[in-house]
Amino acid sequence: ILKQAQRGSDVMVVSENIPYDLRDTLNLTTRLLSSDTLNYLTFTDKNRKGSIKLNRLPNGNVIPMIDIKTTEILGSNLLKGRNYSYANFVKVKTGKGNIFIHTEPLVLTNYYLLQKGNEKYVEEMFSYLPKDRDTLWFMEEQNLQSISPLRFILRNPPLRYAWYIFL
């Protein structure tokens, strides 16, 4: 992906966990905010309309430190009741291309997209990608580890079906 970006492609990564190798290569750091307040995501460009209020399970992952020579802050995470914000959407110049990183994937879920007005934020977010080229999507399936004591039974289909019949 980095080689494609260096050749002139634009890459957008929307993830709460940015891989260490990518952060290290792009000279970024991430930090998890511990906050139980509402988060508001906004763009730093005042010409861009749209903001979104995260009232359900925001991960609070932000980008507190960037290399200002190669990185532009496109969006920020405002915490209610505080006078400062942290970057959560950045554009990093890499060779002839750009890598866009957004640290709050919740904005792409049905819960937020179906709330009136939130679609404008997502439209503006994706408007940074060039319109004259095809967009390829890569979706990583997350393997969430269950913390249930029944995880061994539920992970094995024969045991899972026996458990369901037993219940």
Side-chain angles (χ1 to χ4, degrees), residues 1-46 48 50-80 82-113 115 118-131 133-147:
I1 291 174
L2 287 171
K3 287 180 184 177
Q4 279 300 120
Q6 290 170 343
R7 291 184 198 134
S9 295
D10 291 312
V11 176
M12 183 174 284
V13 177
V14 182
S15 176
E16 62 186 51
N17 298 316
I18 309 301
Y20 174 78
D21 293 342
L22 183 60
R23 284 184 290 147
D24 187 47
T25 302
L26 300 178
N27 211 8
L28 295 173
T29 61
T30 59
R31 183 175 129 197
L32 190 63
L33 293 180
S34 59
S35 173
D36 55 355
T37 60
L38 297 176
N39 292 337
Y40 296 90
L41 305 184
T42 60
F43 294 103
T44 55
D45 181 357
K46 298 301 178 199
R48 296 207 179 254
S51 66
I52 194 167
K53 178 173 74 170
L54 298 179
N55 59 355
R56 290 263 169 133
L57 303 173
N59 68 31
N61 204 9
V62 295
I63 305 170
M65 298 182 69
I66 61 169
D67 180 359
I68 59 171
K69 296 175 191 165
T70 59
T71 306
E72 177 185 354
I73 297 174
L74 303 176
S76 60
N77 184 328
L78 304 170
L79 297 174
K80 184 179 179 184
R82 300 200 183 163
N83 295 329
Y84 53 88
S85 63
Y86 290 101
N88 74 319
F89 185 31
V90 295
K91 172 182 160 184
V92 183
K93 184 76 175 149
T94 306
K96 296 178 183 177
N98 300 298
I99 296 181
F100 298 91
I101 296 180
H102 196 291
T103 62
E104 196 64 69
L106 282 179
V107 300
L108 301 177
T109 62
N110 284 345
Y111 177 79
Y112 288 106
L113 283 175
Q115 292 180 20
N118 287 350
E119 74 281 351
K120 197 69 171 154
Y121 180 87
V122 176
E123 286 174 13
E124 292 288 348
M125 184 176 92
F126 285 116
S127 72
Y128 283 101
L129 293 174
K131 294 167 184 52
R133 293 190 288 208
D134 290 339
T135 299
L136 301 176
W137 289 87
F138 295 98
M139 305 258 319
E140 180 180 346
E141 183 178 321
Q142 292 188 349
N143 185 10
L144 301 175
Q145 293 292 328
S146 171
I147 58 173

**Student:** Take Val11 and Phe100, measure what side chain to side chain contact (heavy atoms under 4.5 Å, CB included) needs, and give me the verdict at the end.
**Tutor:** CA-CA 6 Å; Val11 176; Phe100 298 91; over 6 Å; no

**Student:** Passes side chain to side chain contact (heavy atoms under 4.5 Å, CB included), Ile101 versus Ile63? Steps please.
**Tutor:** CA-CA 9 Å; Ile101 296 180; Ile63 305 170; 4.2 Å; yes

**Student:** Step by step, would you call Met12 with Leu129 a side chain to side chain contact (heavy atoms under 4.5 Å, CB included)?
**Tutor:** CA-CA 8 Å; Met12 183 174 284; Leu129 293 174; 4.2 Å; yes

**Student:** Between Thr109 and Leu106 (side chain of the first, backbone of the second, donor and acceptor by atom type, cut-off under 3.5 Å), is there such a pair?
**Tutor:**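 Flag set: sc Thr109 to bb Leu106 pair under 3.5 Å.
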
**Student:** Not counting sequence neighbours, which residues clear side-chain contact (heavy atoms from CB on, under 4.5 Å) with Ser127? List them please.
**Tutor:**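 So Ser127 forms a side-chain contact (heavy atoms from CB on, under 4.5 Å) with Arg48, Glu124, Lys131.
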
**Student:** Not counting sequence neighbours, which residues clear side chain to side chain donor-acceptor pair (under 3.5 Å) with Glu123? List them please.
**Tutor:**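 Partners of Glu123 by the side chain to side chain donor-acceptor pair (under 3.5 Å) criterion come out as none, since no residue qualifies.
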
**Student:** Does the side chain of Ile66 reach to within under 4.5 Å of the side chain of Leu28, using non-hydrogen atoms?
**Tutor:**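 Ile66 vs Leu28: side chains touch.
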
**Student:** What residues form a side-chain contact (heavy atoms from CB on, under 4.5 Å) with Asn27, not counting sequence neighbours?
**Tutor:**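 Testing Asn27 for side-chain contact (heavy atoms from CB on, under 4.5 Å), a comparison that skips the adjacent residues, returns Asp67.
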
**Student:** Just do the side chain to side chain contact (heavy atoms under 4.5 Å, CB included) check on Val107 and Leu41 with the steps written out, would you?
**Tutor:** CA-CA 9 Å; Val107 300; Leu41 305 184; 3.6 Å; yes

**Student:** Over 60° means perpendicular and under 30° means parallel, so classify the ring planes of Phe89 and Phe43, tilted if in between.
**Tutor:**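 Answer is perpendicular, since the angle exceeds 60°.
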
**Student:** Return the CG to CD1 distance between Asn118 and Ile52, rounded to the nearest 0.5 Å.
**Tutor:**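 Going from the CG atom of Asn118 to the CD1 atom of Ile52 covers 3.5 Å.
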
**Student:** Going by the rule side chain to side chain donor-acceptor pair (under 3.5 Å), which residues pair with Thr70 if we only count those two or more places apart in sequence or in a different chain?
**Tutor:**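 For Thr70, no residue satisfies side chain to side chain donor-acceptor pair (under 3.5 Å) once neighbours in sequence are set aside.
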
**Student:** Ile73 and Ala87: which non-hydrogen atoms are nearest, and at how many Å?
**Tutor:**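 Nearest heavy atoms, Ile73 then Ala87: CG2-CB, 3.8 Å.
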
**Student:** Kindly write out the residues that satisfy side chain to side chain donor-acceptor pair (under 3.5 Å) with Asp10, not counting sequence neighbours, or none if the list is empty.
**Tutor:**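 With sequence neighbours excluded, Asp10 shows a side chain to side chain donor-acceptor pair (under 3.5 Å) to Asn98, Arg133, given in chain and number order.
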
**Student:** Would you name the heavy atoms of Met125 and His102 that are closest together and state the gap between them?
**Tutor:**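 Looking at all heavy atoms of both residues, the shortest contact is SD-CD2, 3.2 Å.
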
**Student:** Any side-chain heavy atom of Val90 sitting closer than 4.5 Å to one from Glu72?
**Tutor:**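 Side-chain contact under 4.5 Å: no.
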
**Student:** Can you name the nearest heavy-atom pair linking Lys96 to Lys93, along with the distance?
**Tutor:**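 For Lys96 versus Lys93, the nearest heavy atoms are O-NZ, 3.4 Å.
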
**Student:** Does the side chain of Leu26 reach to within under 4.5 Å of the side chain of Thr94, using non-hydrogen atoms?
**Tutor:**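 Sidechains of Thr94 and Leu26: in contact.
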
**Student:** Which heavy-atom pair separates Val122 from Leu113 by the least distance, and what is that distance?
**Tutor:**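 For Val122 versus Leu113, the nearest heavy atoms are CG2-CD2, 3.4 Å.
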
**Student:** Does the side chain of Leu2 reach to within under 4.5 Å of the side chain of Ile99, using non-hydrogen atoms?
**Tutor:**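 Answer yes - side chains close enough.
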
**Student:** To the closest 0.5 Å, what do you measure between OH (Tyr20) and OG1 (Thr30)?
**Tutor:**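 The OH atom of Tyr20 sits 11.0 Å away from the OG1 atom of Thr30.
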
**Student:** Going by side chain to side chain donor-acceptor pair (under 3.5 Å), name the residues that satisfy it together with Ser85, two or more places apart in sequence or in a different chain.
**Tutor:**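 In terms of side chain to side chain donor-acceptor pair (under 3.5 Å), with neighbours along the sequence ignored, Ser85 is linked to no residue.
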
**Student:** Ignoring hydrogens, what is the shortest heavy-atom contact between Thr42 and Ser51? Give both atom names and the distance.
**Tutor:**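 Heavy atoms of Thr42 and Ser51 come nearest at CG2-CB, 3.7 Å.
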
**Student:** Take atom CG in Leu108; do more than 12 heavy atoms of anything else shown fall under 6.0 Å from it?
**Tutor:**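 It does: Leu108 CG has more than 12 such atoms within range.
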
**Student:** Locate the shortest heavy-atom distance separating Arg23 from Ile18; write the atom from each residue and the value.
**Tutor:**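 Heavy atoms of Arg23 and Ile18 come nearest at NE-O, 3.0 Å.
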
